[in-house]
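Every number for a ligand or one of its atoms is a count from 1 in the order of the listing.
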Amino acid sequence: VTPARTQSRLPTVFLPARRTPPTASLESDVRTALNKLYDTTPCMPIMVRLAWHDAGTYKVADGTGGANASIRYLPEKGHAANNGLNIAMDLLEPIKAQFPAISYADLYQLASVVGIEHSGGPKVPFRMGRTDAGEADTTEDGRLPDADKRMGHLREVFYRMGLNDTEITVLSGAHTLGRAHQDRSGFDGPWTKVPVVFDNSYFVEILKDEPDPDLLRLSSDLALLDIPETKALCEKYANDQKAFFDDYILAHQKLSELGCFST
Ligand code: HEM
């Protein structure tokens with residue numbers, strides 16, 4: 001029997017159709033790379049801020065802005081509200097270089113949801129498929145909220161994005177992570193005692209009659225206590241972390257998809 005004949009008698013092997021869509025393994029590979037980054041560099045808070053500032057330019061009335069990585073471009077990148085976010089973008093460049101198939105817009109949003117999970121927070125559902133903008137969203141500065149203002153201003157800005165009072169309140173709970181930096185925003189210090197852990201401590205702290213002198217409270221944080229409905233939500237989240245996480249998941253997923261998917 002010649003080797004050639006042996007080969008021709010080998011049964012034909014039918015490989016099963018590939019069941020996992022390619023983006024599923026891409027997403028899981030990028031998640032692994034992000035968790036590795038966070039193990040060595042606990043930069044989760046600035047990633048959450050990056051994703052929020054990229055998405056938060058959205059204007060529901062005309063569909064401009066949103067989670068499209070336009071924050072990489074001037075003049076948006078240079079807006080005062082985005083001071084320091086170049087650090088987050090630079091930290092993500094090696095991951096983009098390793099996985100060029102992921103869009104920047106997906107990478108920024110995934111970095112945020114993985115950062116929240118890495119910090120002990122809830123798992124926010126994530127969909128891949130955002131398209132990168134080729135330029136800055138808008139030359140108009142001021143689409144993001146001002147920390148010195150109160151509820152009227154927050155409503156104006158968040159309603160423009162299509163977000164409501166519950167979403168304003170619950171998303172502000174992301175200040176459980178990270179801190180303000182004098183050289184970026186002019187404010188200084190963390191909101192909570194353990195700013196690398198995502199929990200409901202932000203609400204516990206802002207409700208204390210005697211503020212902890214080491215912790216930060218922006219006017220925009222205290223704004224949540226301005227009206228009975230949002231104050232009641234703060235109390236609910238301070239008393240019930242599960243209620244906070246349940247509402248946070250919904251609001252964060254919505255924020256992370258502003259302007260991106262038709263359904
Ligand atoms: C940090 C303002 C809402 C996530 C900051 C800082 C300011 C600020 C002034 C400090 C930046 C710095 O100096 O490094 C506001 C205002 C908001 C708001 C006025 C209106 C409600 C949000 C939302 C999220 C968020 C909706 C996310 C869902 C963060 C995080 C940090 C931060 C994680 C810490 C960043 C770090 O540690 O580098 N925010 N924010 N913020 N913000 Fe907000």
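Under the rule for a ring-ring contact (aromatic ring centres under 6.0 Å, His included), the partners of Y237 that lie at least two apart in sequence or sit in another chain are F203, F244. The ring-ring contact (aromatic ring centres under 6.0 Å, His included) test applied to H53 returns no partner, not counting sequence neighbours. Shown here are the salt bridge (Lys or Arg N to Asp or Glu O under 4.0 Å) partners of E117, two or more places apart in sequence or in another chain: R31, K123.
Any N or O atom pair closer than 3.5 Å counts here, and W191 shares no such pair with ligand 1. Backbone and side-chain nitrogen or oxygen atoms of H181 are examined, and one is located within less than 3.5 angstrom of a nitrogen or oxygen of ligand 1.
Residue F198 does not touch ligand 1, judged by heavy-atom distances below 4.0 Å. Residue contacts with ligand 1, taken as heavy atom pairs separated by less than 4.0 Å, involve P45 via backbone and side-chain atoms alike.
Within the cation-pi definition used here (under 6.0 Å to the ring centroid, within 45° of the axis), R127 qualifies as a partner of F261.
The number of protein N/O/S atoms found under 2.8 Å from atom 43 (Fe) of ligand 1 is 1.
Within the 3.5 Å criterion, the main-chain N or O of I227 finds a donor-acceptor partner in the side chain of T230. Panel note: side chain T40, backbone L37; a donor-acceptor pair is recorded below 3.5 Å. No donor-acceptor distance shorter than 3.5 angstrom exists from the side chain of R72 to the backbone of D132, with no hydrogens or angles considered. In this structure, S103 contributes its side chain and D106 its backbone to a donor-acceptor pair below 3.5 Å.
Heavy-atom proximity to Y248, at under 4.0 Å, picks out these atoms of ligand 1: 28 (C). Near S220, meaning under 4.0 Å from one of its heavy atoms, ligand 1 places the atoms 16 (C), 19 (C). Listed by number with element, the atoms of ligand 1 under 4.0 angstrom from any heavy atom of L177 are 33 (C), 34 (C). Which parts of ligand 1 touch R184 is read off a 4.0 Å heavy-atom cut-off, strictly below it: atoms 12 (C), 13 (O), 14 (O), 38 (O).
The aromatic rings of Y248 and F198 sit perpendicular, their planes meeting at an angle over 60°, well past the 30° parallel limit.
Protein heavy atom in closest approach to atom 2 (C) of ligand 1: L218 CD1, 3.9 Å. Here the heavy atom of the protein found nearest to atom 36 (C) of ligand 1 is R179 O, 3.4 Å. The protein heavy atom nearest to atom 20 (C) of ligand 1 is P145 CG, 3.4 Å.
Closest heavy-atom contact between E76 and T57: OE2-CG2, 3.5 Å. Nearest heavy atom pair, residue I116 against residue P122, reads CG2-O, 3.6 Å.
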